[in-house]
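Shown next, in structure tokens, is the structure this report addresses.
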Amino acid sequence: MLTGASSGIGEAAAYDLSARGYALVLAARREDRLRRLARELDPSGSRVIAVPCDVADPAAREALVRAALQHFGRIDVLVNNAGVGLGGGAWWKDPDFARVLHVNLEAAMALTALVLPPMVERGQGHIVNVASVAGQVATEGVYSASKFGVRGFSFALRRELWGSGVAVSVVSPGFVRTEMTAGSRLNKLGLPMPGPEVVAQAIAGVLARPRREVTVPRLYRLAALAEALPALSDPLIARGYSARRR
């Protein structure tokens, strides 16, 4: 089951996993794009199905899981990929800033709680949570809070499930070319940005060989070291915010 599947990383993951033979339940809010993708991947509708879903809605989450179970009988993998940001500016000026927490963190936890009991009972399953380098290096207020939360939740869950047969992995992307990053400063500066396919490959990679966390592109592993050097990272990141507010 793959959330946030209608565009960006989720869409790229759907193509990649389908090509590798996975049966897929695709979930996202944009029904037209989601159903078009499902038809393209599997015109028969037997191996890939689309379930329109706002993961921030508890009833929609429950309906998503029911649809997956009705069609396939079991859920072996959950990829919590759905995510939103605020699009720049001061988070405290956004009246709906909490939606970032509801979609990025709360929904991932709630969906995991829905699919986990049968996985534990079978002694088999895999939870893959898509976090962000912004969950390693604090850069964007509420968004970073949500992604730090995803990582903390994932690492704790991994320990809680140790020896159960259920794996937990985190994939933490840096800047990749998606709708969410279309207005980023890197794009405006014309700097190269890899496509979402690199993240899709990382998701497939941890499913084939479970790991605690994979950061992509690999260069961003160096960025995570910045949190250990706040005397350097604090003024650099603060200057970036000052430039954005002008």
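We use all heavy atoms of the structure for the numbers below, so side chains are in, but hydrogens, waters and symmetry mates are not. Here the structure is a predicted model, which means the values were calculated and not measured. Numbers here simply count residues along the sequence, with the first being 1.
- Looking at every heavy atom in both residues, Ala202 comes nearest to Val216 through CB-CG1, 3.9 Å.
- Pairing each heavy atom of Val170 with each of Ser154, the nearest pair is CG2-CB, 3.2 Å.
- The pair Arg29-Asp57 does not count as a salt bridge, with every side-chain nitrogen at least 4.0 angstrom from each carboxylate oxygen.
- For the atom pair Arg99 CZ and Asn104 CG, the distance stands at 9.5 Å (nearest 0.5 Å).
- Enclosure of atom CZ in Arg20 by more than 12 non-hydrogen atoms of other residues, nucleotides or ligands within 6.0 angstrom is indicated.
- Comment: Asp76 engages Arg122 in a salt bridge, judged by a side-chain N to carboxylate O separation of less than 4.0 angstrom.
- The line from SG of Cys53 to CE of Met1 is 8.0 Å long, rounded to the nearest 0.5 Å.
- Taking NZ from Lys93 and CG from Leu86, the interatomic distance works out to 13.0 Å, rounded to the nearest 0.5 Å.
- Annotation for Ala131 and Ser172: closest pair CB-OG, 3.7 Å, computed over non-hydrogen atoms.
- Using a distance-only test at 3.5 Å, with no hydrogens or angles considered, a donor-acceptor pair links the side chain of Glu227 to the main chain of Ala138.
- Between Phe175 and Tyr220, the angle of the ring planes lies from 30° to 60°, which puts this pair in the tilted group.
- In this structure, the side chain of Ser6 does not engage the main chain of Leu34 through any donor-acceptor pair within 3.5 Å.
- Both Trp92 and Val142 belong to a single network of hydrophobic side chains, linked directly or stepwise wherever heavy atoms of I, L, V, M, F, W or Y lie under 4.5 Å apart.
- There is a path of hydrophobic side-chain contacts, each under 4.5 Å, that joins Val150 to Val84.
- Side-chain contact check for Gln124 versus Val166: every heavy-atom pair is 4.5 Å or farther apart.
- Residues Asp16 and Ala200 share a closest heavy-atom pair of CB-CB, 4.1 Å.
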How far apart are the C-alpha atoms of Glu11 and Leu37, what are their side-chain angles, what is the distance that settles it, and do they pass the side-chain contact (heavy atoms from CB on, under 4.5 Å) test? CA-CA 8 Å; Glu11 181 180 22; Leu37 174 61; 4.1 Å; yes

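- Remark: the backbone N or O of Asn129 is not paired with any side-chain donor or acceptor of Asn80 at under 3.5 angstrom.
- In terms of modelled atom types and a separation under 3.5 Å, the side chain of Ser169 and the main chain of Pro210 share no donor-acceptor contact.
- Between the Asn81 side chain and the Thr3 main chain, a donor and an acceptor come within less than 3.5 Å of each other.
- Closest of all the heavy-atom pairs between Ala134 and Ser144 is O-OG, 2.7 Å.
- Arg47 and Ser18 share a donor-acceptor pair across their side chains, judged by distance under 3.5 Å alone.
- Remark: Thr112 OG1 to Phe153 CZ distance equals 4.0 Å, nearest 0.5 Å.
- Clustering ILVMFWY residues whenever any of their side-chain heavy atoms sit less than 4.5 angstrom apart, transitively, puts Leu78 in the very cluster that holds Leu69.
- Note on Glu40 versus Arg36: no salt bridge recorded, every NZ/NE/NH1/NH2 to OD/OE distance being 4.0 Å or above.
- Note on Leu161: it clusters hydrophobically with Met119, by side-chain heavy-atom contacts below 4.5 Å among ILVMFWY residues.
- Between the CG atom of Leu111 and the CG atom of Leu116 there is a distance of 11.5 Å, given to the nearest 0.5 Å.
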Stepwise side-chain contact (heavy atoms from CB on, under 4.5 Å) check, Arg61 with Val65: CA-CA 6 Å; Arg61 292 192 296 256; Val65 172; 5.9 Å; no

Check step by step if side-chain contact (heavy atoms from CB on, under 4.5 Å) holds for Phe155 and Val168. CA-CA 8 Å; Phe155 298 157; Val168 181; over 6 Å; no

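- Annotation: side chain of Arg35 is in contact with side chain of Pro52 (closest heavy-atom distance under 4.5 Å).
- Side-chain atoms of Ser7 and Arg30 include a donor-acceptor pair closer than 3.5 Å.
- Note on Val103 and Phe148: separate hydrophobic clusters, where clusters join Ile, Leu, Val, Met, Phe, Trp and Tyr whose side-chain heavy atoms are under 4.5 Å apart, directly or indirectly.
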Which is it for Ile49 and Phe72 under the side-chain contact (heavy atoms from CB on, under 4.5 Å) test, yes or no, and what are the steps along the way? CA-CA 10 Å; Ile49 65 169; Phe72 291 112; 4.2 Å; yes

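- Distance CD1/Ile9 to CD1/Ile203: 6.5 Å, rounded to 0.5 Å.
- Considering Arg158, Arg151, Arg221 as possible partners of Glu213, the one that fulfils the side-chain hydrogen bond (donor to acceptor under 3.5 Å, both in side chains) test is Arg151.
- When every heavy atom of Pro230 is checked against every heavy atom of Pro235, the shortest pair comes out as O-CD, 3.7 Å.
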